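Just so it is clear: chains get the letters A, B, ... in the order the sequence lines come, proteins before strands, and each one is counted from 1. Please read all numbers here as calculations on a predicted model, not as lab measurements.
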2 protein chains.
Amino acid sequence: MQLHKPDVVDAAAAILDNYGIADLTMRRLARELNVSPGALYWHFANKQELLGAVADRILRSAVVDVTGLGWRRAIQDSCAALRDAVLSHTDGAELVSASFAAGQSATVVQILDQLAAAAAEAGAHGDDADSTARTLIYYVLGFTVDEQSRRQWDAAGALPDEQSVLMSDTDRQFAFGLSLLIDGLAVHGAAHDPATGTAN
Amino acid sequence: MQLHKPDVVDAAAAILDNYGIADLTMRRLARELNVSPGALYWHFANKQELLGAVADRILRSAVVDVTGLGWRRAIQDSCAALRDAVLSHTDGAELVSASFAAGQSATVVQILDQLAAAAAEAGAHGDDADSTARTLIYYVLGFTVDEQSRRQWDAAGALPDEQSVLMSDTDRQFAFGLSLLIDGLAVHGAAHDPATGTAN
DNA sequence: ACCTGAACACCGTTCAAGT
DNA sequence: ACCTGAACACCGTTCAAGT
């Protein structure tokens, strides 16, 4: 049977989830698919492009509809969905972060656009809306990479889990950092667009 | 002559500056130092530790004295110094970002402490001051990794430089994102500590 | 059009043995 | 204490040749 792009990406995602990013190599992936390493290069120009496709697969659940929510909830929901998506796969934050930095994730760009639209709604103009969106992405990816590496570190040490109905500490920390950005944006929006003021 | 840790780090930094992070390998470094690859493992446990030492070398100029400046300038100056330091070495942002994520840079922790102190001065308590400091670092590292990869991309294409006495666009964008965080922090500080209010 | 086989030019890390 | 030599177990990528 022939090799198709979605099958390759699925197999790559499976290696990621079961063994982590260090084991996601072209040779290992080829072995799993019962093809020679060179075969992958018919479908993908290089490893970066393959990883970008895996990143976009991870981010399928990260694109949420936020129309009509108001800019605050739009930002909160988009960022929460992004965080949840990357945390739900082994080394997902690291992979998406690297693919974003390499300019290989179309989906991150899509999320960036959504966030920029929300920033515009908050009163940021043109360039500032883009800067705001990028700042939000830097925050979410930086936070989640950190969060995920800590998790995996003390998954070995197996700390007492402390689960409850309450928000976990990391949830609160995530919300706090995000609130700094959102409140800062509100200040800027109010300064440049007094009509809207502190509404929403 | 014997191999000493600072010499190894200097040689590694030289490779980084002249050839980039992809060429900073243990074997290449050993070749440059006229030793066998195994020799490096007498002085450093592994590559991560070596890279952490290089990161700390890059960050020597990133630790600035901000006592008595007030929390806004303290944050602005610390972040500007961090940005300048990583941008002054080829792939410096990527290296420092990776070393920070791997928990191998003592200097980033030091900067983190400074930022947390400034956040406390702004009215953030305990955990929130730490969260604020981490958020600032995520921002600066995310921004600079992006900025540096764009620079290197169009260093090949050699776009017209557009240098002038004016602030460059990236300087303004950096300041804008940072102002979101600073203004957000001011809102939180004012909310929890009405006495200080909007001073500083 | 799609894939194999084999090569090219590398990696990080370990470790017995030397001095 | 510090380093060599050599090995182990891999990498990403290319490309003539096959079907």
Side-chain angles (χ1 to χ4, degrees), chain A residues 1-16 18-55 90-91 94-95 97-99 101-105 149 152-153 156, chain B residues 1-16 18-55 90-91 94-95 97-99 101-105 149 152-153 156:
Chain A
M1 50 262 130
Q2 252 215 66
L3 207 52
H4 289 110
K5 259 170 126 152
D7 310 349
V8 177
V9 176
D10 282 352
I15 293 174
L16 187 72
N18 296 315
Y19 305 95
I21 201 170
D23 284 39
L24 183 40
T25 68
M26 297 302 268
R27 284 169 178 276
R28 171 77 184 263
L29 176 57
R31 208 186 314 141
E32 220 90 359
L33 289 164
N34 292 115
V35 294
S36 89
L40 297 173
Y41 289 86
W42 183 261
H43 301 277
F44 298 91
N46 47 45
K47 190 181 180 180
Q48 271 199 356
E49 195 179 298
L50 186 315
L51 292 183
V54 178
T90 309
D91 297 328
E94 203 181 319
L95 176 72
S97 185
S99 293
Q104 296 287 353
S105 170
S149 84
Q152 276 155 202
W153 201 86
Chain B
M1 51 261 129
Q2 251 215 65
L3 207 53
H4 289 109
K5 261 171 123 152
D7 311 349
V8 178
V9 176
D10 281 352
I15 293 174
L16 187 74
N18 296 316
Y19 305 95
I21 200 170
D23 284 39
L24 182 40
T25 68
M26 297 302 268
R27 285 171 176 274
R28 171 79 185 262
L29 176 57
R31 209 185 315 141
E32 219 90 1
L33 289 163
N34 292 115
V35 295
S36 90
L40 298 172
Y41 289 87
W42 182 262
H43 302 275
F44 299 90
N46 49 44
K47 189 181 181 182
Q48 271 198 356
E49 196 180 297
L50 185 313
L51 292 183
V54 178
T90 310
D91 296 329
E94 201 180 320
L95 176 72
S97 185
S99 294
Q104 297 287 352
S105 170
S149 85
Q152 276 155 204
W153 202 86

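Straight-line distance between the C1' atoms of D/dA7 and C/dC11: roughly 14 Å, to the nearest whole Å. Using atom P as the reference point in both D/dC10 and C/dA9, the two lie 23 Å apart (nearest Å).
Base pairing of D/dT19: its partner is C/dA1, meeting the Watson-Crick or G-U wobble criterion (both donor-acceptor distances under 3.5 Å). Searching all strands for a Watson-Crick or G-U wobble partner of D/dC8 with both distances below 3.5 Å returns C/dG12.
Here D/dA1 presents its C1' atom at 13 Å from CG of B/L3, a figure rounded to the nearest Å. One can place CD1 of B/I21 at 12 Å from P of C/dG12, the figure rounded to the nearest angstrom. For A/R28 and D/dG12, the CZ to C1' distance is 16 Å, given to the nearest whole Å. Protein atom CE of A/M26 is 17 Å distant from nucleotide atom C1' of C/dG5, rounded to whole Å. Protein atom CG of A/L40 is 11 Å distant from nucleotide atom C1' of D/dT13, rounded to whole Å. One can place NZ of A/K5 at 15 Å from P of C/dA1, the figure rounded to the nearest angstrom. In this structure, the OH atom of B/Y41 is 3 Å from the P atom of C/dT13, given to the nearest Å. Atom CG of B/L33 and atom P of D/dT4 are 10 Å apart (whole Å).
The two residues B/S149 and A/A101 come nearest to each other via the heavy atoms OG-O, 4.1 Å. In this structure, B/R28 and B/D23 approach most closely via the heavy-atom pair NH1-OD2, 3.0 Å.
Note on B/T25: only backbone sugar-phosphate atoms sit closer than 4.0 angstrom, heavy atoms only; bases stay farther off.
Closest contact between the side chain of B/K47 and the listed nucleotides D/dT13, C/dT13, C/dC3 involves C/dT13. With distances taken from any side-chain atom of B/R31 to the nucleotides C/dT13, D/dC3, C/dC11, the minimum falls on C/dC11.
Note on B/W42: a side-chain N or O is less than 4.0 Å away from OP1 or OP2 of D/dC2. Of the side-chain N and O atoms in A/H43, none sit less than 4.0 angstrom from OP1 or OP2 of C/dA1.
Put simply, the side chain of A/I21 does not reach to within 4.5 Å of the side chain of A/L51, judged on heavy atoms. B/L33 places a side-chain heavy atom less than 4.5 Å from the side chain of B/L40.
With hydrogens and angles ignored, the 3.5 Å screen pairs a side-chain donor or acceptor of A/N18 with a backbone N or O of A/A14.
Heavy-atom nearest nucleotides on DNA chain C were determined for A/G38 and for A/R27, and the one closer to the 5' end corresponds to A/G38.
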